[in-house]
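To start, the structure itself, in structure tokens.
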Amino acid sequence: MNYSFSRELRLLTPEDFQPVFKNAVPAVSPHLTLLARKNTLDHPRIGMAIPKKHIKHAVGRNRIRRIVREQFRHQQHQLPAIDIVVIAKAGIADLSNQEINKILDKLWRKLVQRCNG
RNA sequence: GGAGUUGGCCAGAUCGUCGCCGCUGUUAUCGUUUACGCUGACAGGGGAGGAAAGUCCGGGCUUCAACAGGGCAGGGUGCCAGGUAACGCCUGGGUAGCGCGAGCUAACGACAAGUGCAGCAGAGAGGAGACCGCCCGGCAAUUUAUUGUCGGGUAAGGGUGAAAGGGUGCGGUAAGAGCGCACCGGCCAGUUAGUAAUAACUUGGUGCAGGGUAAACUCCACCCGAAGCAAGACCAAAUAGGCUUCCUGAGGUAUGGCCCAUACUGGAAGCGGGUAGGUCGCUUGAGCCUGUGAGUGAUUGCAGGCCUAGACGAAUGACGAUUCAACGACAGAACCCGGCUUAUAGGCCAACUCCAACC
RNA sequence: CGGUAUGUAGCGCAGCUUGGUAGCGCACUGCUCUGGGGGAGCAGGGGUCGAAGGUUCGAAUCCUUUCAUACCGA
């Protein structure tokens, strides 16, 4: 099983992001929002929106981004072919790595259920 | 042992698994000018900071404008000397202030070139000023020593203010006053020491003329072209438009009654500008480490060694284990350097100071 | 990443050049006019001048540092 995280698994340009925002299946928690949409490829892709307004320092933004990426890397084969956008909200900077991992775990499952059903 | 000052250093470590971004080597597929390019695999090795931050200064580099220069405007700096590519930085020294001390702090040129400013209070705010007071004289009253009034003298005292035109003492005087004298201070000049700032003086002169404010205008000395890697350089689709040449020398449309005439319109090739996109700029540099010489020091000479991130939606992480007194503060490179400023848990080293105790 | 501007009463703005009293409009409170409302008039309250230092006798104003917010450049 290949757990690599290459460029094809990422949303890069505004053209990649816009369709997800327009027509999305949401999964919400107080600290994170996930938006998903089926794509035409045979693998999932992920993009992130971490506003400077909510997480002030670059170190904090890097931490959120790295945790989300790591989770996605491990979960990619459980996920269907969808484009996901992860949006960070205020207050997430106060959570520990384990807490964020738990929240993400829940939200992945929600998304899989809603996209299949 | 306690309290403290200064300078410097570190910024968790080790192992395993799964991943990310460059580099080097080997190799496979494909494309072609047999050497490159694209994609993939394997191996090796590298991968955030002392502030990467704020963007407050100084440079390199690039383009533009000038042309190697001089001046004005505008801006900056401001004790002296040195260091440096340069600086508003650093080092050493001076002066002033703070601390018992080691030490620390300071935009620290000129108000004796000119102009301005100082509300309220106060008699007076700058070649000042009689409100109270003090003293003298005239007149009047009377309790014969004071009161009232008028005219003078006076800056010792009170009072106002942030600030009132040297200080203390003695003499002097009607009362006072640098009015005179002594000491202290100031100013001008001289001598000596020092590169200088400045300091010292049993030196000479001067009764003191010259209050504060320049982070007020200003004066003096020195410095500064502007914008910034989204700078800029190169390659270069599609579409529209531009220029040149050729083809046709004809047709169509408009003006007009018609001809002539004028304007617009076709196809092909080439050229230049240039958008999307791509490549370069992009990391070897006023570089780092070690030794040694010069210097109080900042710094620098010489010798040897080293290569230490270069992304482009943007790379260092996650999980587990062991360990440490501590689950580890502040915090993430984006063209690159030198500083400053701000944030910062804990620990280590060196030198020095004060207090207590012991010898 | 680079480059600019702005922070003053609940809101929107003056005052900063040339330092001594913080002012204007809307809003708020009370009173009057009206039977009541609206409206008008009169009176009044409310501001750490974004924060911290410095210069000055005295700082919203001058200087330095710092924190926010907004805008511009692909």
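Residue numbers begin at 1 in each chain, while the letters A, B, ... track the order of the sequences.
Base-pair partner of C:rU61: not found among the strands shown (Watson-Crick or G-U wobble, both distances under 3.5 Å). Pair assignment for B:rG7: B:rC349, on the basis of Watson-Crick or G-U wobble contacts that are both within less than 3.5 Å. Figure legend. B:rU279 is base-paired to B:rA233; pairs are counted as Watson-Crick or G-U wobble with both atom distances under 3.5 Å. When Watson-Crick and G-U wobble pairs are counted only if both distances are under 3.5 Å, C:rA40 pairs with C:rU32. Within the shown strands, B:rU198 is the pairing partner of B:rA193 under the Watson-Crick or G-U definition, both distances less than 3.5 Å. With a cut-off of 3.5 Å on both pairing distances, B:rU308 has no Watson-Crick or G-U wobble partner at all. Look at B:rU33: it lacks any Watson-Crick or wobble partner with both distances under 3.5 angstrom. Applying the Watson-Crick and G-U wobble criteria (two distances, each under 3.5 Å), B:rG16 pairs with B:rC319.
Heavy atoms only, all atoms of each residue included: A:Leu11 and A:Gly47 are closest at CD1-N, 3.7 Å. Nearest heavy-atom pair, A:Tyr3 versus A:His74, reported as atom, atom and distance to 0.1 Å: CE2-O, 3.6 Å. The shortest non-hydrogen separation linking A:Pro80 to A:Val112 is CD-CG2, 4.1 Å.
Remark: side-chain polar atoms of A:Asn101 are paired, donor with acceptor, to backbone N or O of A:Asn97 under 3.5 angstrom. Proximity of a side-chain donor or acceptor of A:Gln76 to a complementary backbone N or O of A:Ser4 within less than 3.5 Å is detected. Judged purely by atom type and a 3.5 angstrom limit, A:Gln113 has no side-chain atom pairing as donor or acceptor with the backbone of A:Lys110.
For A:Arg45 and B:rG313, the CZ to C1' distance is 13 Å, given to the nearest whole Å. In this entry the distance linking CD of A:Gln98 with C1' of B:rG320 reads 12 Å, nearest Å. If you take CD1 of A:Ile100 and C1' of B:rG317, they are 13 Å apart, rounded to a whole angstrom. In this structure, A:Ile55 places its CD1 atom 13 Å from P of B:rG332, rounding to the nearest Å. Look at CZ on A:Phe5: it is 10 Å from P on B:rA315, rounded to the nearest Å. As a whole-Å value, the separation of A:Ile46 CD1 from B:rA314 P is 12 Å. Between the C1' atom of B:rA343 and the NE2 atom of A:His57 lies a distance of 9 Å, rounded to the nearest Å. Protein atom CG of A:Leu9 is 16 Å distant from nucleotide atom P of B:rG313, rounded to whole Å.
Side-chain atoms of A:Arg65 lie closest to B:rA315 of the nucleotides B:rC20, B:rA315, B:rC319. Comparing atom distances between the A:Arg10 side chain and each of B:rU316, B:rG313, B:rG317 picks out B:rG313 as nearest. Counting only heavy atoms from C-beta on, A:Phe17 has its side chain closest to B:rG313 among B:rG19, B:rA315, B:rG313. The listed nucleotides are B:rU316, B:rA333, B:rC319; the one nearest the side chain of A:Asn97 is B:rC319. With distances taken from any side-chain atom of A:Lys56 to the nucleotides B:rC18, C:rA68, B:rG313, the minimum falls on C:rA68. When the nucleotides B:rC20, B:rA48, B:rC18 are ranked by their closest atom to the side chain of A:Asn62, B:rA48 comes out on top.
In this structure, the separation between CD1 on A:Ile55 and CZ on A:Arg61 is 8.0 Å, given to the nearest 0.5 Å.
Distance noted for atom C1' between B:rG137 and B:rA174: 11 Å (whole Å). The same atom, P, is picked in B:rA113 and in B:rG212; the two are 13 Å apart, to the nearest Å. Nucleotides B:rG161 and B:rA123 are separated by 14 Å at their C1' atoms, to the nearest Å. Distance check on atom C1': B:rA331 versus B:rA81 gives 41 Å, rounded to whole Å. When the C1' atom is used for both B:rA73 and B:rG124, the distance is 45 Å, rounded to whole Å. Distance noted for atom C1' between B:rA125 and B:rU213: 14 Å (whole Å). The same atom, P, is picked in B:rG88 and in C:rA52; the two are 32 Å apart, to the nearest Å. A distance of about 11 Å separates the P atoms of C:rA59 and C:rG20, rounded to the whole Å.
Syn is the glycosidic conformation of B:rA68, whose angle stays within 90° of 0. Against the 90° criterion about 0, the sugar-base torsion of B:rU283 places it in the syn range. Base orientation of B:rU146: anti, since the glycosidic angle falls outside 90° of 0. Applying the 90° cutoff around 0 to the glycosidic angle, C:rU55 is assigned anti. In this structure, B:rG119 is classed as anti because its glycosidic torsion departs from zero by more than 90°.
Note on A:Arg66: a side-chain N or O is less than 4.0 Å away from OP1 or OP2 of B:rU316.
Residue A:Ile67 is classed as having no contact, given no heavy-atom separation below 4.0 Å to the nucleic acid.
For A:Arg73 and B:rC18, a side-chain-to-base donor-acceptor distance below 3.5 Å is present, hydrogens and geometry of angles not being considered. In the interface, the side chain of A:Arg63 is not paired with the base of B:rG332 through any donor and acceptor atom under 3.5 Å apart.
Taking the nucleotide of RNA chain B with the nearest heavy atom to each of A:Ala58 and A:Glu70, the more 5' of the two is matched to A:Glu70. Place A:Val59 and A:Leu11 on RNA chain B by their nearest nucleotides, and A:Leu11 ends up nearer the 5' end.
Using a 4.5 Å heavy-atom cutoff, the side chains of A:Lys89 and A:His31 are not in contact.
Relative orientation of the A:Phe72 and A:Trp108 rings is tilted, given thresholds of 30° and 60° on the angle between their planes.
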